[in-house]
Structure formats: structure tokens, C-alpha cells
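Quick notes on the structure that follows.
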Amino acid sequence: MTDVLIIGSGPAGMTAGIYIKRANLDVQIIEKEYEGTGQMAESSRIDNYPGFYGISGYDLGEKIREHAENLEIEFLEEEAVAFEETKKGFLVILESGKTLEAKTVIYTAGAEHRKLNVPGSDTFENKGISYCASCDGAFYKGKDVVVIGGGNSALDDALLLSETCNKVYLVHRRDKFRGNPGTLEKLEAKENVEIIRNANVQEIKGTKKVETVLLDTGVSLEVQGVFVAVGTIPQTERLKDLIELDENGYIKAGEDGVTSKPGFFVAGDVRTKKLRQIITAAADGANAADSAIHYIIR
Ligand code: NAP
């Protein structure tokens, strides 16, 4: 019986682990893959995490990981697939069939990439369609690509790709971008970036790989790469019978990470909140850990 099982090893999960460990409680972090739920690893450059101006997401993740490992926090590479309430806490069922018991759970499983769901979007997955510019951008050096979306991910991806690609189209379904206006301004000043507003992808075509992206405005873009940045979907399917979710599937909780189920806490992007950033995920981790500590020693 562990005191606290943390699901997810992004900034929220690792920060929660650090706080729990420093409170002298048992803690284990379950991660689907190495820093698997840490979307920050996909950010090529982070300028809004205090003290680490310009660091890459991967490097920041490694630093937080090193911090957690220095405190001898145990990580287990497994996927938690189901949760059951027990008399003493929670039973966490892993994909391998193994089960773990804990007095409390802090759920920080984040969100996964939303897909486009248009003809061709399944066919060309990994054949020109990518969800991570900092991971796959190098494959498109000197080529023409399109980025889809109007949030910070789309803007950051377009800016990064514009450094190495021949041409970057940025396609957004509305006129107004929800991403950072400063980044948008930088993109507008780039000669090899073309911003297309009020357009949706209708179809992605090609023979073996992506060749053409057809927009609903009738425009057709000849590109080799499609970077999809249309938001994320919270990883809460397995929790819907256990705790209260909002209409979009996020776990309902305030800053303290207290959910509708006593002893089951939440932190990071998977929680209902306004600002989803690394700094707010880390802050959530600290708050949820504090709630879990008080729950255990109450
Ligand atoms: P997001 O902010 O939710 O933006 C998703 C974008 O995709 C929106 O512009 C949305 O359009 C568009 N979209 C959604 N579904 C679509 C569809 N089916 N077809 C076409 N377009 C679609 O997601 P995100 O950019 O991944 O960011 C997620 C969170 O991480 C945000 O809170 C963001 O601020 C944060 N983030 C921060 C940074 C940074 O600070 N540097 C970097 C990356 C991400 P509408 O605008 O019309 O809804």
C-alpha cells in the first residue's frame, strides 16, 4: 500500500512527487512512457518558465526529472488502465495486469492530440502528418509544410518550421487567433510564412505520402508535411465512472486538486482550468500534493 500513486510524469506529476517525497510519504510515479505525459517535451523553446529563458521543453523536463530522481522517487513505466475504490483507498490496474494499491491517487495524465478527422487524415498519419514540429520538423528542411490551428501550439510550430522549411502555410478556421499576439506578429513578418484565415482542411491527398491539402475555400496547397495543432483531448475516459468530469471531459477540481472523489486528486492540463502551461501544471502538482498530504495525515 503506497501513500500516493501519481499517474503521469509531466511537470504536474513530477512536482507532486517532489512535494510528497519531501513530506516523507511513500510515492510512486506511474508513466506510460518515459516522460510520456509531458507534452512539454514537444516544445522546442520555452520563454515563459521563470529562470529558464529559451530552454527546450525536453531539457526542462530532464531537469525536473533529475530533481525527482535525486530525491529517489520511484518511476514505473506502465499504463494505468482502470481505477477502483477500495475500503483503504484505491486499486490501480495496470495494462500488464498488475495491480497497485494506494491510499490516495494524484492523476496528472494530461491530454492527447486532437486529430483532424477528414478524409486522408488516418491514411497519412506518420506519412507526412505530424503532431510535433520540434520532433519531426527536421524531416521537412527545405520543404513546404502546412500548420493547422490557431492556438499557441500552432503559432509556435509555424515559427519553428519557418526557420528551416521553404514555405510554411498556417491555416486557421477563424479570423482571430487564440495564441500569443507577439508570436503571430513574428509570423506575419516572415517572408516564407503565409497565413490563411477562415479555412478548414477538407481532405489530405497523396499517393504514398502527403502531397496536397485541400481547403474548404477551394484552395489547394501542395505540401510535403502537415503539422496538426488543433488542441488536445483530456485523458479521462477511464475515469468517467469514478469522478465528475466537465462537458469537455476535464476533471472538475479547483486549484487544490480536490475532485468529487475523496482521496483522488488531480493536477495539470487534465483539470478544469483556464491557463494550461508548464508553470501552472507544476503549481497544480504542488497544490494537489499538499491536499493529498493533508488527506493522509488528517
Ligand atoms: P488550443 O489553445 O486549444 O488551440 C487549438 C486551436 O485549434 C484553436 O485555434 C482551435 O480553433 C483550433 N481547432 C480546434 N479544433 C479544430 C478542428 N477540428 N479543425 C481546425 N481547427 C481546430 O490548443 P493548443 O494550441 O494545443 O494549446 C493547448 C494549451 O497549451 C493552451 O492553453 C496553450 O496556451 C498552451 N500552450 C502554451 C504554449 C506557450 O505558452 N508557449 C505553447 C503551446 C501550448 P478556435 O480558436 O476556433 O477554437
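Atoms within a ligand are numbered from 1 in the order they appear, just like the ligands themselves.
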- prompt: Is there a donor-acceptor contact under 3.5 Å linking the side chains of E244 and S260?
  reply: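 Absent: no donor and acceptor within the cut-off.
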
- prompt: Do D144 and N166 have a side chain donor and acceptor closer than 3.5 Å?
  reply: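 On atom types as modelled, these side chains qualify, holding a pair under 3.5 Å.
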
Do [X] and ligand 1 have an N or O pair less than 3.5 Å apart?
| X | result |
| --- | --- |
| G150 | yes |
| R174 | yes |
| R173 | yes |
| S153 | yes |

Looking at [X], I want to see if its [atom1] is surrounded by more than 12 non-hydrogen atoms of other residues, nucleotides or ligands under 6.0 Å.
| X | atom1 | result |
| --- | --- | --- |
| Y19 | OH | no |
| K273 | NZ | yes |
| E191 | CD | no |
| R45 | CZ | yes |
| E211 | CD | yes |

- prompt: Is at least one protein non-hydrogen atom found at under 4.0 angstrom from atom 35 (C) of ligand 1?
  reply: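 There is a protein heavy atom less than 4.0 Å from atom 35 (C) of ligand 1.
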
Among A111, G149, G231, closest by any non-hydrogen atom to atom 5 (C) of ligand 1: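 Checking each option, the heavy atom nearest atom 5 (C) of ligand 1 is found in G231.
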
- prompt: Which option, G151, G179, G57, owns the non-hydrogen atom nearest atom 4 (O) of ligand 1?
  reply: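 It is G151 whose heavy atom sits nearest to atom 4 (O) of ligand 1.
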
What residue and atom, counting heavy atoms only, is the protein's closest point to [atom], and at what distance?
| atom | answer |
| --- | --- |
| atom 33 (C) of ligand 1 | N152 ND2, 3.8 Å |
| atom 21 (N) of ligand 1 | V230 CG1, 3.4 Å |
| atom 1 (P) of ligand 1 | R178 CD, 4.0 Å |
| atom 37 (C) of ligand 1 | Q277 NE2, 3.1 Å |

Atom indices of ligand 1, in the order listed, that fall short of 4.0 Å to a heavy atom of [X]:
| X | answer |
| --- | --- |
| N48 | 39 (C), 40 (O) |
| H172 | 9 (O), 11 (O), 45 (P), 46 (O), 47 (O) |
| R276 | 29 (C), 30 (O), 32 (O), 35 (C) |

query: Just heavy atoms, cut-off under 4.0 Å: does D156 contact ligand 1 by side chain, backbone, both, or neither?
result: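 The answer is the side chain of D156.
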
message: Run E163 and K186 through salt bridge (Lys or Arg N to Asp or Glu O under 4.0 Å) and show every step you take.
response: CA-CA 12 Å; E163 296 297 324; K186 282 187 194 163; over 6 Å; no

- request: Could you tell me whether the side chain of N248 and the main chain of Y250 form a donor-acceptor pair under 3.5 Å?
  value: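 Side chain of N248 to backbone of Y250: no pair is present.
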
task: Quick one: sort the F264 and F90 rings into parallel, tilted or perpendicular, breaks at 30° and 60°.
output: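 Aromatic pair F264/F90 classed perpendicular.
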
